[in-house]
Asks: 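Attaching a single structure in structure tokens format; questions to follow.
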Amino acid sequence: MKSIASAPGKVILVGEHFVVAGKPAIAMAVNLRARATVETVEGDRITIRSKELKIEESFSPESINTRSPLYPVYIAADLARRHISLEEGLDITITSELPPAAGMGSSAAVSVATAAAVIALRKKINRGIVSKIAFEAEKIVHGKPSGIDNTISTYGGAILYVKGKGFTRINLNLKDVALILADTGVPRSTGEMVAKVRKLKARYGSVLDPVYESAEILACEVAKALEMGDIKTIGELMNINHGLLSAIGVSTLELEQLVYMARNAGALGAKLTGAGGGGLIVALCHKKSLPNVEDALKKFSKRVYIANISKRGVIIEHKTFL
Ligand code: MEV
């Protein structure tokens with residue numbers, strides 16, 4: 001049996017980090033996807049290869065390398081295999097259009113696609129279960145994630161997410177605007193950035209509590225503005241959100257440079273997106289100022305993307321019974 005599933009990466013428009021502490025955040029699925037091709041094989045080994053990372057690793061009950069970068073994918077595959085009570089081994093090939101360690105949710109997209117492809121070998125996929133399995137893999141990658149990445153990758157579209165409570169869909173009413181992403185080229189670990197913020201919050205709780213309250217109100221206001229198509233407000237609130245993220249220590253000189261380049265070139269708003277410490281910025285632009293912003297960002301960043309929102313979350317692309 002063989003199946004192929006794909007799942008999208010994401011952009012966090014506002015609320016990253018604050019979401020880990022229970023505040024709402026807004027995420028959108030983008031049209032860059034990770035793909036898992038899964039085939040059943042004899043025996044009980046799960047062999048995984050990543051085309052982008054150029055590595056292959058075999059996991060069996062007697063030999064599990066928990067330090068392998070593919071270990072989280074193994075966990076997603078194994079939990080999914082148990083869910084469908086499959087006793088055979090698996091051969092899994094991962095490909096991804098998403099930049100790794102940059103803030104676009106590539107690890108979650110890989111885990112979501114893997115879990116879905118394995119489940120599809122025997123059952124119709126249940127999105128709740130796929131997301132739950134991917135969350136277990138995300139815990140290995142990031143330590144204590146909020147769950148926003150696996151949720152948006154599973155369900156697609158645009159969502160307002162609250163940890164432990166789930167999500168509300170946002171009906172976007174955006175015309176004549178685009179989201180543009182630019183990569184600092186500095187890789188970082190989400191788990192380390194989340195731990196750094198946790199330490200700062202523990203030390204300066206009473207100082208930072210109002211920042212967290214502010215982030216909560218801001219995310220709700222952005223959700224309303226997205227539904228009303230109020231792009232000026234969205235842009236301004238993105239700028240304010242960037243300031244709040246700087247306050248909790250996750251911005252860097254490179255991120256500030258890209259943010260100010262985008263704003264000076266005519267973006268309605270620009271901020272870091274994801275865990276910070278490197279990775280990407282996201283800017284909201286009028287279509288007419290897009291070429292200007294794109295040119296400005298390209299002077300400093302090797303990877304500049306126009307992010308098209310993807311309504312589609314995880315999908316099964318192909319299924320055969322060999
Ligand atoms: C994840 O893409 C961004 C963070 O908010 C961490 C999380 O939500 O788990 C920094």
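Counting convention: from 1, in listed order, for ligands and their atoms alike. In this text, all values refer to a predicted model and were calculated from it rather than measured experimentally.
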Asks: Which label fits Tyr155 and Phe167: parallel for a plane angle under 30°, tilted from 30 to 60°, or perpendicular past 60°?
Replies: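 Rings of Tyr155 and Phe167: tilted, as their planes differ by 30° to 60°.
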Asks: Got a donor-acceptor contact below 3.5 angstrom from the Thr273 side chain to the Ile12 backbone?
Replies: yes
Asks: For Glu16, counting its heavy atoms only, list the atoms of ligand 1 lying under 4.0 Å from any of them.
Replies: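 Counting from 1, the qualifying ligand atoms are 5 (O).
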Asks: How long is the gap from OG on Ser251 to CG on Leu272, to the nearest 0.5 Å?
Replies: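 That separation rounds to 5.5 Å.
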Asks: Closer than 4.0 Å to some heavy atom of Lys10 - which atoms of ligand 1 meet that?
Replies: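 Those qualifying, in numeric order: 2 (O).
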Asks: Of all the non-hydrogen atoms in the protein, which one sits nearest to atom 7 (C) of ligand 1, and at what distance?
Replies: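 Nearest neighbour among protein heavy atoms for atom 7 (C) of ligand 1, to 0.1 Å: Ser146 OG, 3.3 Å.
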Asks: Kindly confirm or rule out an N or O of Asp149 lying under 3.5 angstrom from an N or O of ligand 1.
Replies: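 Yes - when backbone and side-chain N and O of Asp149 are compared with those of ligand 1, one distance drops under 3.5 Å.
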Asks: Pull out every atom of ligand 1 sitting under 4.0 Å from any heavy atom of Pro145, numbered as shown with elements.
Replies: 9 (O)
Asks: Same cluster or not: are Leu245 and Val186 linked, directly or through other Ile, Leu, Val, Met, Phe, Trp or Tyr residues, by side-chain heavy atoms under 4.5 angstrom apart?
Replies: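 No, Leu245 does not connect to Val186 through the hydrophobic network.
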Asks: Pairs of donor and acceptor atoms involving the side chains of residues 213-224, under 3.5 Å and at least two apart or interchain, shall be tabulated with distances.
Replies:
residue: Glu216; atom: OE1; partner: Lys23; partner atom: NZ; Å: 3.1
residue: Glu221; atom: OE2; partner: Lys224; partner atom: NZ; Å: 3.1

Asks: Counting heavy atoms only, name the option from His17, Lys139, Glu138 that's nearest to atom 4 (C) of ligand 1.
Replies: His17
Asks: Between ligand 1 and Thr190, is the shortest N or O to N or O distance under 3.5 Å?
Replies: no
Asks: Report, in ascending order of atom number, the atoms of ligand 1 lying under 4.0 Å from any heavy atom of Ile148.
Replies: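 Checking each atom against Ile148, I get 8 (O).
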Asks: Tell me the protein heavy atom at minimum distance from atom 3 (C) of ligand 1, and give that distance in Å.
Replies: Ile12 CD1, 3.9 Å
